[in-house]
Amino acid sequence: GENVEQHPSTLSVQEGDSAVIKCTYSDSASNYFPWYKQELGKRPQLIIDIRSNVGEKKDQRIAVTLNKTAKHFSLHITETQPEDSAVYFCAASFGGTSYGKLTFGQGTILTVHP
Amino acid sequence: SQTIHQWPATLVQPVGSPLSLECTVEGTSNPNLYWYRQAAGRGLQLLFYSVGIGQISSEVPQNLSASRPQDRQFILSSKKLLLSDSGFYLCAWSSQGEQFFGPGTRLTVL
């Protein structure tokens, strides 16, 4: 089955700096890669996703890049703000016979210091 | 638009007691439904998923079970809770790949 590795497990940045979180996946058939943000005590929220037919996607201060050859994808947050502090999860899935099951990374605790 | 509900929001139960958590989805038909558990400070563990009424797949062996009596209803149950069942239980639905989570139930087993 699919395996997703996420790094780093914790990330501390100063407000205004950029933050990058990286994930690698094992199943070359995976074709959908979402990122979730989970604030303390809340549900994970989908913040951005990318499908295997594109290499990069941006939404304001966040972007995701995908390297299918190397089987890794990354989340980039620019101009970080304290409200970006949360746990971020990457995931991968194959939209064929796996019924949309997501395999999640272990999570990254991002702390943005004012 | 689609919404997903879970109840109860919090639950404190003694060891050995039964459990029933409910999840309902509105605004979509024939969604894939999922139950996850998240231990404190940990990642998301997929417990069960369902692609239709009465169709349940289990991801990990445990003392929990799931049922889908209606298209948009998903229930997580246990006959006898263990201390290790404590955690944050999240229901999710998906359509076209994107997966969305419910507000969760925080379960404490004492």
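Letters A, B, ... are given to chains in the order of the sequence lines, protein chains preceding strands, and every chain is numbered from 1. Keep in mind the model is a prediction, meaning the values are calculated, not measured. Computed over heavy atoms, backbone and side chain alike; hydrogens, waters and symmetry mates excluded.
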Taking the side chain as C-beta and beyond, is there a heavy-atom pair between B:Gln38 and A:Val87 under 4.5 Å? no

Sub-4.5 Å side-chain heavy-atom contact between A:Gln38 and B:Phe88: yes

Please say yes or no: joined through hydrophobic side-chain contacts below 4.5 Å, possibly via intermediate residues, are [X] and [Y] part of one cluster?
{"X": "A:Tyr32", "Y": "A:Ile47", "value": "no"}
{"X": "B:Leu47", "Y": "B:Val51", "value": "yes"}
{"X": "B:Leu76", "Y": "B:Val12", "value": "no"}
{"X": "B:Tyr36", "Y": "A:Leu40", "value": "no"}
{"X": "A:Val4", "Y": "A:Val20", "value": "no"}

In this structure, are over 12 heavy atoms from other groups packed under 6.0 Å from B:Gln73 atom CD?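 Yes, enclosed.
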
Looking at A:Gln60, I'd like to know if its CD atom is crowded, meaning that more than 12 non-hydrogen atoms belonging to other residues, nucleotides or ligands lie closer than 6.0 Å. no

Residue among A:Gly107, A:Ala91, A:Pro44 with most heavy-atom pairs under 4.5 Å to chain B: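 Going by pairs under 4.5 Å, I would pick A:Pro44.
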
Contact winner vs chain B - A:Leu46, A:Asp49, A:Leu102, heavy-atom pairs under 4.5 Å: A:Leu102

Within residues 100-110 of chain B, which positions have a heavy-atom distance to chain A below 4.5 Å? B:Phe100, B:Phe101, B:Gly102, B:Pro103, B:Arg106

At a 4.5 Å cut-off on heavy atoms, which part of A:Pro34 comes close to chain B: side chain, backbone, both, or neither?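 Neither; nothing under 4.5 Å.
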
State, to 0.1 Å, how close B:Arg42 and A:Phe89 come at their nearest heavy-atom pair, and which atoms those are. O-CZ, 4.1 Å

Check B:Gln99 against A:Tyr36 and note the closest heavy-atom contact, atom names and distance. O-OH, 2.5 Å

By a 4.5 Å heavy-atom criterion (distance strictly below it), what part of B:Glu59 contacts chain A: side chain, backbone, both, or neither?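 Interface part for B:Glu59: side chain.
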
